[in-house]
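To start, the structure itself, in structure tokens.
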Amino acid sequence: MNMIEVITAKRDKLSLTDEQIEFFVEGVTNGTIPDYQISALLMAIVLNGMDEREMTTLTLEMAKSGTQMDLSYMDGIPVDKHSTGGVGDKITPILLPLIATFGVETVKLSGRGLGFTGGTVDKFESIEGFNVEVDSKDFPELVKKTGMVISGQTPDLAPADKILYSLRDVTATVDSIPLIASSIMSKKIAGGAKAIVLDVTCGSGAFMKDIKMAEDLAKAMIKIGNLAGRKTIAVITDMDQPLGRFCGNILEMQEVVNTVTGKGEEDVIEVVTELAFHLIKLAGKDAGMSDEVLRAEIRARLSDGSCFEKYTELIKSQGGKVLASGAPVYVDKPFSCMNVCSPDSGYVQSVRADLIGKASVILGAGRLRKTDAIDYGAGIGFYVKVGDRVERGDALCALYHGEKSDVSEDKLFDAMELILEAYQIGPEKPEKKSSILSVIS
Ligand code: URA
């Protein structure tokens, strides 16, 4: 077999055989296929797609390209969640301790932020002393202690995906359902999950801009999961405005503490409750509760102190510093340096999350290149969200940088311009929309 034959087959809209896909992934992993041939095949897949069998084979081959984690030491069915990314997405730090209060154990391998979406690893790193590079041999002990562990992805987890993803990033081949679905699912499968809950974000701040695209991606991942023997459920969530009240690392982690102490924003609570509900059920830890009772119990644990207690346990178990109150100590302090005010009176119609994400990166909260340093205290706080009334001159949001950093006037101005473009103000009060757009199983 040679690579030209494989590229030709996909160029001519044929289905690749399992052997051809195996040959491709092996060659990518071993470095025997040059980047130009890999890129040519990626582009042919973007243009001509893949069927369910091809996607599943690609996923399983990528999962097999490195270490496959064995989570058999865990109590119950190992579950995992994945979000396709968004702005202000602070779900994981709330969700892990929340489901741990029901006895659901998790090993969560997360990434850093790149571009306008934030990364869970960066958020945890904003806590003083918190170790995000846990050696996988320490996972069982940490899981036994607190029921959870959070760590950056190790280089040997689905290495073929790492190589493919970095090429996709520079060859305009990221936006492809087969490639996104196989990339995400390969890491979940290599991570050892037997059941998976996917948070497929949809809207201006997500990969998938409309519900049809989000559902197509969700269905592809569910098909792959099921063909690979993993029960998979997808929750399509709204990312047509940033999630919650803040974006930026420390700001979001402070919002996490608010949420696990019963003072969360409804959109965050809605998403976290829905994901927790499915994870608890898939893990078999619902203790026979009816769906209604389980949902109420999940919400109750966000305000009765049990989730906060677990959250503090998680922080301490990975070396994070906490105050006597149980709240974490952060590496910096967000400083509110400027408000952006509304140019018009009316109701907030939409807040383009992609532009808010870009403004937040300009302030220093995210990176454009993998090697960029970040200002953990930087970000944006939203005074008003979709449906709120504002008068001309009212503050829409506050811009922050960390006390240990600074941000130039030019950057503040650029961020302000993006924010003014992001906020659409109109005369009619928009209809209230749920953060859960649909659930596919
Ligand atoms: N996240 C991933 O892990 N892979 C993709 O291709 C897109 C989003």
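Residues take their numbers from the sequence shown, with the count starting at 1. Start at 1 and go down the list; that is how both ligands and their atoms are numbered. Just so it is clear, the structure is predicted and the values come from calculations on it, not from any experiment.
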> Does ligand 1 have any atom sitting under 4.0 Å from a heavy atom of I180?
Replying inline: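 Heavy atoms of I180 do come under 4.0 Å of ligand 1.
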> For ligand 1, which atoms, with element, lie under 4.0 Å from some heavy atom of F207?
Replying inline: 7 (C), 8 (C)
> For ligand 1, which atoms have a heavy atom of K187 less than 4.0 angstrom away?
Replying inline: 2 (C), 3 (O), 4 (N)
What residue and heavy atom of the protein are closest to [atom], and at what distance?
atom                   : answer
atom 4 (N) of ligand 1 : S183 OG, 2.6 Å
atom 1 (N) of ligand 1 : I184 CG1, 3.8 Å
atom 5 (C) of ligand 1 : Y165 CE1, 3.3 Å

>> I'd like to know whether D122 forms a salt bridge (Lys or Arg N to Asp or Glu O under 4.0 Å) with R367, so could you lay out the CA-CA distance, the side-chain angles of the two residues, the decisive distance to 0.1 Å, and finally the verdict.
In response: CA-CA 11 Å; D122 297 318; R367 1 179 135 68; 3.0 Å; yes
>> Check D80 with K188, please: is the shortest side-chain N to carboxylate O separation under 4.0 Å?
In response: yes
> Roughly how far, to the nearest 0.5 Å, is OG of S182 from CE of M55?
Replying inline: 8.5 Å
> Looking at F277, is R295 sitting on its ring face, NZ or CZ under 6.0 Å from the six-membered ring centre and within 45 degrees of the normal?
Replying inline: yes
> Are a donor atom and an acceptor atom from the side chains of S83 and D89 found within less than 3.5 Å of each other?
Replying inline: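 Yes, because at least one side-chain N or O of S83 sits under 3.5 Å from a partner of the opposite role on D89.
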